[in-house]
Amino acid sequence: RAAYQIMANRTVKDAQSVKGTNPQHLVEKIIRSRVYDCKYWKEECFALTAELLVDKAMGLDHIGGVYGGNVKPTDFVCLVLKMLQIQPSKDIIIEFIKNPDYKYVRALGTMYLRLIGTSLECYNYLEPLYNDYRRIKMKNKLGVMELLHMDEYVDQLLTQERVCDVILPRIQKRHILEQLEQLEPRVSALEEDLSDVESEEEEEEEDKKSRPRSRSPERGGRRSLSPRSKRRSKSPRGSRSPSPSHRRRRKSSRSPTPDHHHHRSPSPTSKRQHRHSRKRSHSRSRSRSYSPHRSHHHSDKRERDSDRRERDTSDKRDT
């Protein structure tokens with residue numbers, strides 16, 4: 001039975017060495033032994049070929065490494081180790097990565113390519129997945145599901161040393177490959193969108209500058225009201241049309257008389273005449289002003305006249 005298990009866990013004969021070692025040795029020994037002892041490996045991964053591997057990958061519903069106190073491996077790690085054992089062709093792995101329908105098939109292909117691929121292959125095939133924002137579930141060491149996005153998972157594969165409890169082989173830094181002109185500078189999709197937005201804004205500004213500025217007639221015809229004119233402006237209540245009689249009264253009161261015109265614009269001679277006439281009238285009013293002595297003199301004279309009349313009448317009677 002032990003010999004049977006050894007035969008089931010052995011790497012295929014025509015497998016090529018990866019990073020100078022057996023492909024299965026890219027996974028730590030403690031995790032490998034846990035995978036060999038788990039039920040999923042013995043029942044589902046036994047005698048599995050590259051064609052049947054696709055069906056198993058489509059049945060995945062989460063990613064992860066090992067979890068729990070007993071260090072149980074997830075189905076994701078079991079399939080990764082099986083791919084290292086049978087070593088499928090690179091075309092199958094590229095189809096896994098380009099699969100838009102099944103996100104966990106894509107996650108399995110990216111993990112395998114990161115383990116066996118070169119630095120250029122990792123950057124060329126994994127960086128386009130930064131535009132994949134789909135959510136995936138990841139089981140942590142406590143066995144609890146966590147929410148993750150595909151672009152975050154790809155970023156972990158390219159930047160971190162351990163993902164899903166598997167130590168990743170080292171790859172060259174991107175800026176070194178750019179300096180060696182082996183890799184072109186990366187252009188983000190967000191930067192392209194921003195550049196498009198900026199170009200559109202520049203075109204709009206140029207169109208606005210090229211258009212002639214025309215003042216609207218309403219704006220040009222209006223004049224700013226001074227505070228004095230604002231005070232003179234009529235209230236809404238006073239804007240009613242006046243009655244005909246009121247109109248006549250206002251018209252007659254407002255129509256200037258000839259004398260009024262004369263007084264408004266007098267000549268120098270008329271000014272002098274007006275001044276002399278005012279002095280004469282003032283002197284007459286002073287002379288005619290009432291005084292008590294004058295009134296007493298008048299009363300005595302009246303009494304004398306009345307006495308004289310009475311004497312005349314009495315003399316006439318006597319005669």
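Nothing fancy with the numbering, it's 1 onward along the sequence.
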Query raised in the report: Judged by atom type as modelled, is there a donor-acceptor pair below 3.5 Å linking the side chain of R114 to the main-chain atoms of P169?
Result: yes

Query raised in the report: Would you say Y130 has more than 12 foreign heavy atoms packed within less than 6.0 Å of its OH?
Result: yes

Report task. To the nearest 0.5 Å, tell me how far Y153 OH sits from Q160 CD. Result -> 11.5 Å

Query raised in the report: Below 4.0 angstrom, N of the basic side chain to O of the carboxylate: do E121 and K90 qualify?
Result: yes

Query raised in the report: Quick one: do R106 and D132 make a salt bridge, cutoff under 4.0 Å?
Result: yes

**Report entry** Exercise: do T11 and Q24 side chains pair donor with acceptor under 3.5 Å
**Finding:** yes

Report task. Mind telling me whether W41 and Y36 have parallel, tilted or perpendicular rings, with 30° and 60° as the class edges? Result -> tilted

Report task. Taking the side chain as every heavy atom from C-beta outward, state whether Q182 and I176 have any atom pair closer than 4.5 Å. Result -> no

Query raised in the report: Within a strict 4.5 Å, meaning less than it, do heavy atoms of the L53 and M83 side chains meet?
Result: yes

Report task. Identify the two heavy atoms, one from S119 and one from Q172, that lie closest to each other, and give their separation to 0.1 Å. Result -> OG-N, 3.1 Å

Query raised in the report: Is K103 reaching over with its side chain to a backbone N or O of R135, donor-acceptor style, under 3.5 angstrom?
Result: yes

Query raised in the report: Heavy-atom distance under 4.5 Å between the side chains of I63 and T74, does that happen here?
Result: no

Query raised in the report: Is there a path from L120 to L157 through hydrophobic residues (I, L, V, M, F, W, Y) whose side chains come within less than 4.5 Å of each other?
Result: yes

Query raised in the report: Can you find a pair of side-chain heavy atoms, one from K56 and one from Y40, that are under 4.5 Å apart?
Result: yes

Query - Neighbour count above 12 (heavy atom, 6.0 Å) for K72 NZ - result: no

Report summary line: To the nearest 0.5 Å, atom CG of D61 lies from atom CD1 of I136 at 12.0 Å

Query raised in the report: In this structure, are over 12 heavy atoms from other groups packed under 6.0 Å from Y125 atom OH?
Result: no

Query raised in the report: Between T110 and M150, is any pair of side-chain heavy atoms under 4.5 Å apart?
Result: no

Report task. Please report the shortest heavy-atom distance between L113 and C122, naming the atom on each side. Result -> O-SG, 3.9 Å

Report task. Hey, could you give me the CD1/CG distance between I167 and L26, rounded to the nearest 0.5 Å? Result -> 10.5 Å

Query raised in the report: What distance do Q85 atom CD and N22 atom CG have between them, rounded to the nearest 0.5 Å?
Result: 9.5 Å

Report task. Step by step, work out the side chain to side chain contact (heavy atoms under 4.5 Å, CB included) result for I31 and V77. Result -> CA-CA 9 Å; I31 297 177; V77 171; 4.1 Å; yes

Query raised in the report: Should the pair E146-K137 be classified as a salt bridge under the 4.0 Å nitrogen-to-oxygen rule?
Result: no

Query - Test item: R134 and H149 side chains (from C-beta on) under 4.5 Å apart, heavy atoms - result: no

Report task. Mind checking the CG-CG spacing from D155 to L129? Nearest 0.5 Å is all I need. Result -> 12.0 Å

Requested in this report: Kindly give the heavy-atom pair with the smallest separation between I92 and P88, and that separation in Å.
Outcome: CD1-CB, 4.4 Å

**Report entry** K139 side chain to G64 backbone, donor-acceptor under 3.5 Å
**Finding:** no

Query raised in the report: Under 4.0 Å between a Lys/Arg side-chain N and an Asp/Glu carboxylate O for E28 and R32?
Result: no

Query raised in the report: Is the number of heavy atoms from other residues, nucleotides or ligands under 6.0 Å of K141 NZ greater than 12?
Result: no

Report summary line: Looking only at heavy atoms, the pair that brings G109 and F96 closest together is CA-CB, 3.9 Å

Query raised in the report: Atom CD of Q179 and atom CD of E181: how far apart are they, to the nearest 0.5 Å?
Result: 10.5 Å

Query raised in the report: Is the shortest heavy-atom distance from the side chain of M138 to the side chain of C164 under 4.5 Å?
Result: yes

Requested in this report: Decide side chain to side chain contact (heavy atoms under 4.5 Å, CB included) for Y112 and Q87; before the verdict, give the C-alpha distance in whole Å, the side-chain angles of both, and the deciding distance to 0.1 Å.
Outcome: CA-CA 10 Å; Y112 180 75; Q87 206 173 33; 3.5 Å; yes

Query raised in the report: Using a side-chain heavy atom cutoff under 4.5 Å and only I, L, V, M, F, W and Y, what cluster partners does Y67 have?
Result: none

Query - E127 bridged to R174 by N-O distance under 4.0 Å - result: yes

Report summary line: L84 and V27 have their tightest heavy-atom pair at CD1-CG2, 3.8 Å

Query - Pairwise side-chain contact, V166 with M111, heavy-atom cut-off 4.5 Å (strictly under) - result: yes

Query raised in the report: Where do L168 and V163 land on the side chain to side chain contact (heavy atoms under 4.5 Å, CB included) test, with the steps shown first?
Result: CA-CA 7 Å; L168 303 175; V163 177; 3.7 Å; yes

Query raised in the report: Which atom pair, heavy atoms only, marks the closest approach of P73 to V35?
Result: CB-CG2, 3.8 Å

**Report entry** Stepwise side chain to side chain contact (heavy atoms under 4.5 Å, CB included) test for I94 and K98
**Finding:** CA-CA 6 Å; I94 292 171; K98 292 182 178 180; 3.7 Å; yes

